[in-house]
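Following: one structure in structure tokens, then a few remarks.
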Amino acid sequence: MIGTFRAALAVAGIACAVPLVLAQSAADEIEKYRRALQDGNPAELWEARGEEMWKARAGPKNASLERCDLGKGPGVVKGAYAELPRYFADADRVMDLESRLVWCRVALQGMTEADAKRNPFGSPERKADMEALVAYVTGESRGVKMNVSLDHPKMREAYAVGEKIFFFRGGPHDFACATCHGEDGKRIRLQDLPNLTSKAGAQKGYTTWPAYRVSQGELRTFQWRLNDCFRQQRFPELEFTSPASVALTTFLAYNANGAAFDAPAIKR
Amino acid sequence: MDARRREVLKTGGGVSLLALVAAAGWLKPGDALAQGAAWNKAAFETHSLDETMKAFGGSAPAQSKDIAFVSTPDIAENGAVVPVGVSSSIPKTESIAILVEKNPNMLAAVFDIPAGTDPAVSTRIKMGQSSNVYALVKADGKYYVASKEIKVTLGGCGG
Amino acid sequence: MADPMKIRANVVGDSTEVKVLMNHEMETGQRKDAQGKTVPAWFIQNVTATWNGKTVLNAQWGPAVSKNPFLAFKFKGGAKGEKVQITWTDSKGDKRTDEATIA
Amino acid sequence: MQTKHWIALASAAALVVGCAAMAPGPSDAEVRAKAAEVMKASFKDRGQAKVDRLTQDETQATCSQYAGKELPKDVAARIEQANLAAIKYPANGNYLGDWKRGEQIAQRGTGFQYSDDPAQPSGANCYACHQLTKQEISYGTIGPSLHNFGKLRGYGDDMKKYAWGKVWNAEAYSACTNMPRFGHAGILTEEQVRDVVALLMDPASPVNQ
């Protein structure tokens with residue numbers, strides 16, 4: 001990822017070399033940088049594209065997604081993301097937003113599951129429909145308080161399993177999610193790391209995804225966030241909408257309950 | 001816009017297209033840095049301020065305290081997107097250009113400021129590395145410049 | 001065809017503040033794709049903003065303007081309900097015009 | 001089957017009236033077994049990162065089990081002893097390589113990800129978690145600052161040996177640490193460990209300025 005970026009600008013490999021600056025003023029200036037980005041978030045471009053896609057007829061059944069039930073009834077998008085993941089009786093399993101969108105594209109639009117899951121993470125060469133749909137749906141929960149329910153036993157199971165995965169150490173580097181996200185006030189290089197085992201940390205971390213990543217020029221979903229964390233953990237690839245990804249999302253989303261959802265965001 | 005274009009084509013005849021376009025307010029003759037060219041290729045392929053000034057047909061700019069960088073951080077968390085805002089309080093500002101000393105080509109953007117538009121623009125640029133950034137202003141036919149160093153950091157590095 | 005822009009135009013005092021986000025890759029000509037092939041340069045070169053048929057901003061850009069460009073500026077005048085129009089043209093000759101109502 | 005068992009456990013718990021305070025769900029071991037099963041079904045080989053990376057060694061399994069809880073002293077001692085015994089010291093007794101190469105290794109964050117070329121040498125990514133030099137402001141804080149590492153502790157042979165051991169296998173000194181076992185896991189070669197130890201212990205290294 002950094003490799004691509006470096007190539008894009010065709011500059012000498014200065015990767016992480018940074019000139020001398022006082023740490024405190026550096027932190028202030030980076031805060032200023034982040035504030036300046038808030039003024040215009042290209043995620044809006046994805047939201048607009050996603051809304052159009054939501055309403056457009058597509059697939060073998062030539063149907064739109066407007067009757068898709070995200071948990072609050074067919075076609076209800078407003079506030080739906082703040083209650084996901086949830087147990088869906090029609091599928092008899094716990095689903096996060098991406099899983100549910102795949103389900104709706106199969107059930108309503110008649111796509112094969114493989115087609116509905118294809119190209120989940122976009123590139124300049126190939127934009128991802130999924131990222132646009134997720135941008136639109138999540139944007140419709142902006143300002144809504146996270147309210148994930150563990151009433152259903154399968155939600156409780158997903159939460160418990162997600163917690164175990166969060167603390168699972170493995171691979172050549174012995175990394176777990178908790179390695180970087182288990183303590184307050186830590187950062188990797190200059191990037192702050194939310195402590196996802198604390199209420200405040202989970203709230204801050206979870207409610208600011210999806211996000212437009214300026215380093216990539218793409219909108220990234222929570223499924224992407226998990227996928228790429230495991231890549232950097234040196235794990236094999238986490239499959240898109242896999243049960244582990246949904247369980248981990250359930251663990252983190254539930255821990256974020258009570259906080260106002262605040263995405264799509266913009267991040268480095 | 002299509003309507004205007006048709007109108008231009010219809011009127012046609014002896015009048016040059018450029019004059020008509022200019023009359024329609026699309027291009028003002030001698031307008032600032034643009035020099036009437038649609039896209040100043042030469043200016044976008046320069047590697048020093050001197051070269052850029054040559055491409056603009058201007059002389060060496062004077063340092064000015066009346067040009068300010070607005071909402072422009074000293075450090076960018078990522079060089080792919082560096083917010084830069086420039087505002088000029090020099091009377092009769094006609095245009096504002098943003099240049100990055102150490103980019104492969106210096107000139108990033110030029111904005112022509114018609115009368116009635118605030119001499120202040122904000123955009124986001126790419127920076128390959130830490131560098132001086134110049135704000136070049138043309139006002140009443142003369143050139144002025146201010147500069148600021150912006151440091152670029154890269155994070156993560158897990159790849 | 002290129003995707004639409006997002007344009008916001010708001011009355012602030014006696015002026016109109018315009019903020020624009022554009023959908024564009026702004027390829028520098030130096031990036032390599034997944035197959036290692038260099039992606040040719042492709043970027044917005046000209047941007048024009050008009051209000052009531054009057055040009056309120058003209059810009060020329062190079063490939064150093066960030067992907068999915070952002071632009072903000074202000075002009076004197078403008079009333080709620082009037083239109084601001086933005087047009088860009090890129091190095092391949094593609095063009096896109098969008099309009100926003102001043103709020 | 002597994003799920004039914006789960007619901008049965010949950011409803012059984014709900015039926016136990018009077019035992020209100022604790023609604024016992026499945027046991028910790030059962031949840032761990034379920035999590036292992038879920039992970040097995042969710043990860044796939046990609047590039048150099050194969051699913052066998054999910055098979056934990058004893059240290060990883062024990063540390064996962066106690067994560068978020070207090071690690072019992074005897075368990076910690078067992079982990080440290082086993083890892084200490086596994087440290088391989090340089091055959092020629094030479095701990096210090098080239099700090100300049102060590103600095104490059106400390107800066108480099110790639111290696112062992114499925115997106116990385118296995119033919120390229122790995123980095124240690126020290127700066128991701130540690131401050132090392134005054135020059136580099138982009139450093140993380142997951143680990144302690146290592147600025148003046150040798151200057152503060154002395155440049156003696158015991159200290160060099162300790163630094164080697166810490167880089168080679170940090171579990172030998174601090175059970176369930178966040179730090180990878182760079183030598184033990186084969187992340188760095190012996191030559192690279194030597195260079196990183198030089199970065200920490202060479203008096204001329206920027207770490208000690």
Side-chain angles (χ1 to χ4, degrees), chain A residues 1-3 15-23 26 92-93 153-154 156-158 160-176 178-180 182-183 185-191 193 197 228 230-239 241-248, chain D residues 3 6-7 9-11 25-26 28 31-32 34-36 38-39 41-47 49-56 59-61 63-65 67-68 107-115 127-129 134-142 171 176-181 185-187:
Chain A
M1 165 178 101
I2 282 166
C16 295
V18 173
L20 262 167
V21 197
L22 288 171
D92 188 29
R93 63 184 160 103
K154 286 202 179 183
R156 288 200 292 280
E157 177 189 321
V161 165
E163 182 175 27
K164 285 292 171 216
I165 297 170
F166 185 85
F167 289 109
F168 182 95
R169 292 167 68 119
H173 289 58
D174 303 336
F175 286 154
T179 307
C180 288
E183 281 178 84
K186 300 291 182 187
R187 56 173 222 233
I188 185 161
R189 288 277 182 174
L190 288 174
Q191 278 68 56
L193 296 163
T197 64
D228 208 57
F230 280 114
R231 178 181 67 83
Q232 292 175 87
Q233 262 173 255
R234 275 72 183 173
F235 277 36
E237 183 168 24
L238 178 69
E239 287 195 71
T241 65
S242 60
S245 69
V246 176
L248 198 45
Chain D
T3 313
W6 206 281
I7 294 170
L9 275 172
S11 23
D28 194 62
V31 181
R32 262 187 286 132
K34 177 70 188 174
V38 165
M39 287 182 82
S42 301
F43 286 86
K44 62 179 180 205
D45 289 355
R46 183 161 168 192
K50 312 288 187 209
V51 289
D52 63 11
R53 289 191 180 179
L54 299 178
T55 308
Q56 294 174 310
T59 299
Q60 291 172 336
C63 291
S64 302
Q65 190 181 334
Q107 289 280 6
R108 196 180 309 135
T110 49
F112 288 85
Q113 300 167 116
Y114 52 71
S115 49
Y127 283 104
C129 301
K134 277 237 182 284
Q135 287 75 23
E136 181 54 271
I137 60 152
S138 182
Y139 61 83
T141 59
I142 296 168
E171 293 284 349
C176 301
T177 170
N178 287 326
M179 182 164 158
R181 294 171 283 178
I187 299 163

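Order of the sequence lines fixes the chain letters, A, B, ..., with proteins taken first and strands second; residue numbering starts at 1 for each chain.
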Determine yes or no for a side-chain-to-main-chain donor-acceptor pair under 3.5 angstrom, with Arg234(A) supplying the side chain and Gly111(D) the backbone. yes
Grab the two heavy atoms, one from Lys186(A) and one from Thr141(D), that are nearest each other, plus how far apart they are. CD-O, 3.1 Å
When rounded to the nearest 0.5 angstrom, what is the spacing between CZ in Arg181(D) and NE2 in His173(A)? 11.5 Å
Work out which heavy atom in Ile137(D) is nearest to a heavy atom in Arg187(A); give both atom names and the distance. O-NH2, 3.9 Å
So which part of Thr177(D) gets closer than 4.5 Å to some heavy atom of chain A, the side chain, the backbone, both or neither? backbone
Go through the structure and list residues passing side chain to side chain donor-acceptor pair (under 3.5 Å) with Gln65(D), not counting sequence neighbours. none
Segment of Glu237(A) engaging chain D (4.5 angstrom heavy-atom cut-off): both
Ignoring hydrogens and geometry, is there a side-chain-to-backbone donor-acceptor pair from Gln60(D) to Gly171(A) under 3.5 Å? yes
So what's closer than 4.5 Å to chain A heavy atoms on Lys50(D): side chain, backbone, both or neither? backbone
Under 4.5 Å from any heavy atom of chain D, what part of Leu193(A) do you find: side chain, backbone, both or neither? side chain
Can we say Glu136(D) and Arg189(A) salt-bridge, meaning some charged N sits less than 4.0 Å from an Asp/Glu carboxylate O? yes
Kindly indicate, with the supporting measurements, whether the criterion side chain to side chain contact (heavy atoms under 4.5 Å, CB included) is fulfilled by Asp28(D) and Lys164(A). CA-CA 9 Å; Asp28(D) 194 62; Lys164(A) 285 292 171 216; 2.7 Å; yes
Excluding sequence neighbours, so at least two apart, what forms disulfide (SG to SG under 2.5 Å) with Cys180(A)? none
Between Cys176(D) and Arg169(A), does the side chain to side chain contact (heavy atoms under 4.5 Å, CB included) criterion hold? Intermediate values first, please. CA-CA 10 Å; Cys176(D) 301; Arg169(A) 292 167 68 119; 4.3 Å; yes
What part of Thr179(A) is in contact with chain D, defined as an atom under 4.5 angstrom from a non-hydrogen atom: side chain, backbone, both or neither? both
Given 3.5 Å as the limit, does a donor-acceptor pair link the side chain of Glu183(A) with the main chain of Ile142(D), or not? no
I'd like to know which of Asp45(D), Leu54(D), Thr59(D) tops the heavy-atom pair count under 4.5 Å against chain A. Leu54(D)
Please step through side chain to side chain contact (heavy atoms under 4.5 Å, CB included) for the pair Tyr114(D) and Arg231(A), ending with a clear verdict. CA-CA 7 Å; Tyr114(D) 52 71; Arg231(A) 178 181 67 83; 3.4 Å; yes
Residue, of Gly47(D), Ser64(D), Ala41(D), that accumulates the most heavy atom pairs under 4.5 Å with chain A: Ser64(D)
Interface check, chain A: of Ala185(D), Pro180(D), Ala49(D), most non-hydrogen pairs under 4.5 Å belong to Pro180(D)
Can you tell which part of Phe175(A) gets under 4.5 Å to a heavy atom of chain D, answering side chain, backbone, both or neither? side chain
Atom group of Ile187(D) that falls short of 4.5 Å from chain A, counting heavy atoms: side chain
What's the separation between atom CZ in Arg46(D) and atom CZ in Phe230(A), rounded to the nearest 0.5 Å? 15.0 Å
